[in-house]
Amino acid sequence: MIYLDHNASAPLLPEVFAAMRPFLEGLAANASSLHGPGRRARAAIDCAREKVAALIGADATGVHFCSGGTEADAWALRSAFRGATTDPGTLAIGATEHPAIRNTAAALTRDGVVVRELPVDGSGRLAPFTLASDTALVAVMAANNELGNLYDIAAVADQAHAVGARMHSDLVQAAGKIAVSVAAWGLDSAALSAHKIGGPQGVGALWIAPGQTLDPLVTGGGQERGLRSGTENVAGIVGFGAAAELAMRRLSTESARQAALRDELAARLLQGIAGAVVLGDAERRLPNTLSIAVPGVAGEAMVMRLDAVGVAISTGSACSSGSGKPSPVLVAMGLAAWQIKGALRFSLGPTTTAAQIAAAADHTIAAAKALQRLSQGL
Ligand code: PLP
């Protein structure tokens, strides 16, 4: 299997599994227990909190563990508007946000929140915008999951703060792949997920800046500083910490290595598939992501054909694939129908090799040619 779908979910790294193992086998213990095993679990959670905080240049006290990026995004948005009964104000979101933001924003409109989408150009870059004076929260992702586009979060945060709004950023795809500093970027809150960087699925974190408040997500025993009650997922949190530490250590070497492989893949595909185009911002992109549109084929057909020869990729986004609906991100960019239909996403990871890239390119070119012939009735 040549796995080029790391943006959907990355394989659990062996080092991460080794760190989790003691908490999966036998007694994980309850981190609130006073006995030795309980204290050991608490210490492991505290240590993981430090490692996750370090990945984003933050103080560990702001890190609140939860079930993943979706929960963290939804928590941040709902908390910002909780209790605002009359005239809650405007929530401004980027047009390329993940459904975790987009669909939570849509749900908040039922509480009277006005949602404004900040438009993007044909490359998915944010177009210049002004914010309404009643803007309470701005949510713009640091890196897009479908295209790999990077956004100038510090500049957006400046604009948010200028109108007195808070700034939230979905760092799910950025953290561990590019250098992230919540302090330098001026963020008030940020969402993280473990399984995009070789950690386990079902674990993430919501970070809030010092002085910011957060509404309790789950009430109960008071875990996570009383903001998300429930016995902690010790093994998952430990795995998240291990993955964060590894990603940080490998960041510069891996980003250069994966960017070179990604560029090699793009060059081969553009040469081998007539009319193929790269989608997104060619200048400011995640090192591991390539989005490409193939003329005359359906992305789903390509994914299935490549799956049959052992190459795993995605159409625009794994989250919207299978829904039968066009990717809202590609639609917001105003792309041509064939580009939206034929969009493919290749996302690399630390285990991706040059040989895999060469083989994946050959398979992709062969599949595209075969499907193009079929669609032309040849
Ligand atoms: N935000 C972005 C940008 C993502 O790519 C994803 C996952 O696809 C999420 C949020 C959701 O994260 P999780 O799968 O941990 O809920």
Side-chain angles (χ1 to χ4, degrees), residues 3-12 16 52 55-56 63-78 93-107 120 124 126 139-151 153 156 168-178 180 182 187 189-207 217 228 233 236-237 239-241 243-244 247 280-281 284-291 312-323 327-330 332 343 345-349:
Y3 187 77
L4 297 176
D5 204 14
H6 288 76
N7 286 10
S9 198
L12 193 77
V16 172
V52 170
L55 182 68
I56 58 169
V63 173
H64 301 84
F65 289 115
C66 62
S67 77
T70 301
E71 185 176 308
D73 276 329
W75 188 5
L77 265 55
R78 287 179 186 281
I93 66 169
T96 63
E97 292 302 302
H98 186 271
I101 295 284
R102 177 186 296 278
N103 291 338
T104 304
V120 291
L126 271 185
V140 173
M141 63 194 348
N144 177 270
N145 45 306
E146 296 185 39
L147 308 158
N149 279 13
L150 302 179
Y151 294 94
I153 295 307
V156 179
H168 172 77
S169 187
D170 178 329
L171 302 182
V172 168
Q173 295 291 348
K177 297 180 187 165
I178 59 164
V180 166
V182 289
L187 294 182
S189 61
L192 299 165
S193 178
H195 74 109
K196 310 292 184 179
I197 56 168
Q201 297 178 335
V203 191
L206 174 60
W207 168 84
L217 182 70
R228 188 182 185 272
N233 172 5
I237 290 170
F240 191 5
D281 186 344
R284 297 198 72 229
R285 236 185 325 163
L286 282 174
N288 79 321
T289 308
L290 173 67
S291 177
I313 63 160
S314 268
T315 57
S317 159
C319 306
S320 58
S321 68
S323 68
S327 150
V329 172
L330 305 183
R345 179 187 68 186
F346 298 82
S347 49
L348 288 57

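Side chains are part of it too, since the values below use all heavy atoms of this structure and drop only hydrogens, waters and symmetry mates. Order of appearance sets the numbers: ligands from 1, and atoms from 1 within every ligand.
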Separation of [Y] [atom2] from [X] [atom1] (nearest 0.5 Å):
X	Y	atom1	atom2	result
Cys66	Arg228	SG	CZ	6.0 Å
Asn288	Gln173	CG	CD	7.5 Å
Glu97	Thr104	CD	OG1	11.0 Å
His168	Ile93	NE2	CD1	11.0 Å
Leu348	Leu286	CG	CG	11.5 Å

Ligand-side contact atoms (ligand 1) for residue partner [X], heavy atom cut-off under 4.0 Å:
X	value
Gly68	15 (O)
His195	13 (P), 14 (O), 15 (O)
Gln173	3 (C), 4 (C), 5 (O)
Ser193	13 (P), 15 (O)
Met141	3 (C)

(message) Evaluate Lys196 for polar contact with ligand 1, using N/O atom pairs at a separation under 3.5 Å.
(response) yes
(message) Considering both backbone and side-chain atoms of Ser67, is one of its nitrogen or oxygen atoms within less than 3.5 Å of a nitrogen or oxygen in ligand 1?
(response)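 No; the residue has no nitrogen or oxygen that sits under 3.5 Å from a nitrogen or oxygen of the ligand.
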(message) Is there a side-chain contact between Pro287 and Ile178 in this structure, where contact means two heavy atoms from C-beta onward sitting under 4.5 Å apart?
(response) yes
(request) Could you check which of Asp73, Asn144, Thr70, Val172 puts a non-hydrogen atom nearest to atom 11 (C) of ligand 1? (result)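 The residue whose heavy atom sits nearest atom 11 (C) of ligand 1 is Thr70.
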(request) May I have the step-by-step check of side-chain hydrogen bond (donor to acceptor under 3.5 Å, both in side chains) for Glu146 and Ser327, ending in yes or no? (result) CA-CA 9 Å; Glu146 296 185 39; Ser327 150; 2.7 Å; yes
(message) In this structure, does ligand 1 have an atom that sits under 4.0 Å from one of the heavy atoms of Gln201?
(response) no
